[in-house]
Q: 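This structure is in structure tokens; I'll ask about it shortly.
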Amino acid sequence: MTRTLYLLCSAAPPVFDIARVVEDAQARGWDVCLGLTPTAADWLEDSLPGLAALTGHPVRSRYKRPGDADVWPKADAILVAPATFNTVNAWALGLTDRFVVGVVAEGIGKAIPMAVMPCVNAAYAQHRALDRSLAELREMGVLVLYGEGGFVPNQPGEKTPYPWGLALDAVDGLGR
């Protein structure tokens, strides 16, 4: 039986690896539905048709209109990665003006198992709002992959590999 994973991505450099991540998730038995913040969709604009073909589902970055049919199957798990400072804080505060944040805010009420792996540099990590928001998400039952065993912030401008494997391992455990 195939499990459905909503892979929701913010505009951070690891989003450029998303085709490989989708393929890795599919190899693990996930049917992947890809959602992007508006800026991430802009960054990947030329790749969107290929990503839709790869997943077999429309890539979404906007809410559907009321009355329109839902084009994705129900989620068994949700992974929000890379999650920017803005996405993490908006989600914790319930600011759902963007599709990606709306899906996960509602997902809490639907009790969909979720994990988030931030992608922030060390300068953003110093802002008190980040720790408060991550604590809030943990209290709502979201698995937060940040710090040891997850994403460790890098210095601004420093390029370090994003631990996609850790994120997929985590959702494998959630979706069972």
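Counting from 1, the numbers follow the sequence of the chain as shown. Note: hydrogens, waters and symmetry copies are ignored here, and every other heavy atom, side chains too, is used.
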Q: By salt bridge (Lys or Arg N to Asp or Glu O under 4.0 Å), which residues pair with Asp24, not counting sequence neighbours?
A: Arg20
Q: Using the benzene-type ring in the case of Trp, are the ring centres of Phe99 and Trp72 under 6.0 Å apart?
A: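 Judged by ring-centre distance (under 6.0 Å), Phe99 and Trp72 do meet the cut-off.
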Q: Taking distance alone, no hydrogens or angles, what donor-acceptor pairs closer than 3.5 Å link side-chain atoms of residues 103-119 to residues at least two apart or in another chain?
A:
none

Q: Could you pull out every donor-acceptor pair under 3.5 Å between side chains of residues 52-63 and any protein atom, sequence neighbours left out?
A:
unit_1	atom_1	unit_2	atom_2	d
Thr55	OG1	Leu51	O	3.2
Thr55	OG1	Ala52	O	3.3
Thr55	OG1	His57	N	3.1
Thr55	OG1	His57	O	3.0
His57	NE2	Asp31	OD1	2.8
His57	NE2	Asp31	OD2	3.1
Arg60	NH2	Arg62	O	3.4
Tyr63	OH	Thr96	O	2.6
Tyr63	OH	Arg98	O	3.3

Q: With a cut-off of 3.5 Å and sequence neighbours excluded, list every side-chain donor-acceptor pair involving residues 151-160.
A:
unit_1	atom_1	unit_2	atom_2	d
Asn154	ND2	Glu158	O	2.6
Glu158	OE1	Gln155	N	2.9

Q: Could you list the donor-acceptor pairs under 3.5 angstrom formed by side chains in residues 6-15, with sequence neighbours left out?
A:
unit_1	atom_1	unit_2	atom_2	d
Tyr6	OH	Pro73	O	2.6
Ser10	OG	Pro82	O	3.2
Ser10	OG	Thr84	N	3.4
Ser10	OG	Thr87	OG1	2.7

Q: For a quick test of reading the model, state the closest non-hydrogen atom pair linking Leu44 to Ile18 and the distance between them.
A: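 Closest approach of Leu44 to Ile18, heavy atoms only: CD1-CG2, 4.0 Å.
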Q: Excluding sequence neighbours, so at least two apart, what forms salt bridge (Lys or Arg N to Asp or Glu O under 4.0 Å) with Asp17?
A: none
Q: Apply side-chain hydrogen bond (donor to acceptor under 3.5 Å, both in side chains) to residues Trp30 and Asp76 and explain how you reach the verdict.
A: CA-CA 9 Å; Trp30 290 104; Asp76 293 298; over 6 Å; no
Q: Could you list the residues that satisfy salt bridge (Lys or Arg N to Asp or Glu O under 4.0 Å) with Lys64, not counting sequence neighbours?
A: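 Here no residue qualifies.
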Q: Determine which pairs satisfy ring pair (Phe, Tyr, Trp, His ring centres under 6.0 Å) with at least one residue from residues 112-139, sequence neighbours left out, and list them in order.
A: Phe85-Tyr124, Phe85-His127
Q: Can you name the side-chain hydrogen bond (donor to acceptor under 3.5 Å, both in side chains) partners of Asn86, sequence neighbours left out?
A: none
Q: Identify the two heavy atoms, one from Arg3 and one from Arg28, that lie closest to each other, and give their separation to 0.1 Å.
A: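 Arg3 and Arg28 have their closest heavy atoms at NH2-O, 2.8 Å.
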Q: Linking Ile, Leu, Val, Met, Phe, Trp and Tyr through side-chain heavy atoms less than 4.5 Å apart, which residues share a cluster with Leu93?
A: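 Leu93 shares its hydrophobic cluster with Leu95.
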Q: With sequence neighbours left out, what residues match Arg65 under side-chain hydrogen bond (donor to acceptor under 3.5 Å, both in side chains)?
A: none
